[in-house]
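Keep in mind the model is a prediction, meaning the values are calculated, not measured. All values below come from the heavy atoms of this structure, side chains included, with hydrogens, waters and symmetry mates left out.
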Amino acid sequence: MADEFMKGFGLLSGAGLLWIVFAGWYRTSSFESTRQLIEAPPEPNTVFDSMGIFLADLMLWTALVGAFVFWVIIPAGRRARGALVADEE
């Protein structure tokens with residue numbers, strides 16, 4: 001169980017850090033704003049802007065879904081599989 005926790009934590013930490021970096025670049029118009037990191041992204045002017053905005057959204061969902069899968073889905077699946085095997089014996 002510790003390895004699933006660390007894999008989920010690694011995804012949450014790594015993808016979360018990348019999301020903060022990209023959101024800081026593309027979703028913060030002013031540092032005096034109260035909506036830092038969650039503003040609507042600007043209209044992309046270049047391919048690199050489009051890639052950065054896409055990667056910000058991708059990293060946010062990777063952090064959230066990755067942690068959920070490793071912390072909830074995989075342990076629940078293993079527990080359910082163990083219960084099914086125990087019922088068959």
Side-chain angles (χ1 to χ4, degrees):
M1 292 300 254
D3 57 337
E4 280 88 13
F5 176 78
M6 287 310 298
K7 289 175 187 174
F9 186 71
L11 272 174
L12 183 68
S13 300
L17 175 65
L18 288 174
W19 174 76
I20 287 176
V21 169
F22 284 120
W25 285 343
Y26 292 107
R27 294 180 184 260
T28 302
S29 61
S30 169
F31 290 107
E32 286 80 28
S33 171
T34 59
R35 298 182 45 85
Q36 291 181 14
L37 304 177
I38 58 171
E39 292 180 354
E43 193 65 34
N45 295 327
T46 65
V47 173
F48 293 112
D49 288 343
S50 299
M51 288 173 35
I53 292 167
F54 172 74
L55 284 174
D57 291 338
L58 180 68
M59 290 300 112
L60 174 65
W61 287 106
T62 300
L64 296 176
V65 172
F68 182 74
V69 165
F70 280 106
W71 291 346
V72 177
I73 301 296
I74 291 176
R78 287 186 179 174
R79 183 168 286 198
R81 184 179 61 199
L84 289 174
V85 169
D87 286 343
E88 291 175 1
E89 294 175 352

Any residue meeting side-chain hydrogen bond (donor to acceptor under 3.5 Å, both in side chains) with Ser30, in chain and number order, not counting sequence neighbours: Glu32
Any residue meeting side-chain hydrogen bond (donor to acceptor under 3.5 Å, both in side chains) with Glu43, in chain and number order, not counting sequence neighbours: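 Scan of Glu43 (side-chain hydrogen bond (donor to acceptor under 3.5 Å, both in side chains), adjacent residues dropped) gives none.
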All ring pair (Phe, Tyr, Trp, His ring centres under 6.0 Å) counterparts of Trp19, not counting sequence neighbours: none
Val72 reachable from Met6 in the ILVMFWY side-chain graph, under 4.5 Å edges: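 They do share one cluster, since a chain of ILVMFWY contacts under 4.5 Å joins Met6 to Val72.
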Sequence-distant partners of Asp49, salt bridge (charged side-chain N to carboxylate O under 4.0 Å, His left out), two or more places apart: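 Counting only residues at least two positions away or on another chain, Asp49 forms no salt bridge (charged side-chain N to carboxylate O under 4.0 Å, His left out).
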Residue pairs passing the salt bridge (Lys or Arg N to Asp or Glu O under 4.0 Å) test where at least one lies in residues 9-21, sequence neighbours excluded: none
Check: Gln36 side chain, Thr28 main-chain N or O, donor-acceptor pair, under 3.5 Å: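 Judged by distance alone, no pair lies under 3.5 Å.
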Distance-only check: which donor-acceptor pairs under 3.5 Å involve side-chain atoms of residues 50-71, not counting sequence neighbours?
{"from": "Ser50", "atom 1": "OG", "to": "Thr46", "atom 2": "O", "distance (Å)": "3.3"}
{"from": "Asp57", "atom 1": "OD1", "to": "Arg27", "atom 2": "NH2", "distance (Å)": "2.8"}
{"from": "Thr62", "atom 1": "OG1", "to": "Leu58", "atom 2": "O", "distance (Å)": "2.7"}
{"from": "Trp71", "atom 1": "NE1", "to": "Phe5", "atom 2": "O", "distance (Å)": "3.1"}

Using residues 73-86 as the side-chain source, report each donor-acceptor pair under 3.5 Å to any protein atom, sequence neighbours left out, with the distance given to one decimal.
{"from": "Arg78", "atom 1": "NH1", "to": "Glu4", "atom 2": "OE2", "distance (Å)": "2.4"}
{"from": "Arg78", "atom 1": "NH2", "to": "Glu4", "atom 2": "OE2", "distance (Å)": "2.9"}

Aromatic ring pairing Trp25/Phe22, orientation class (parallel under 30°, perpendicular over 60°, tilted between):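 Aromatic pair Trp25/Phe22 classed perpendicular.
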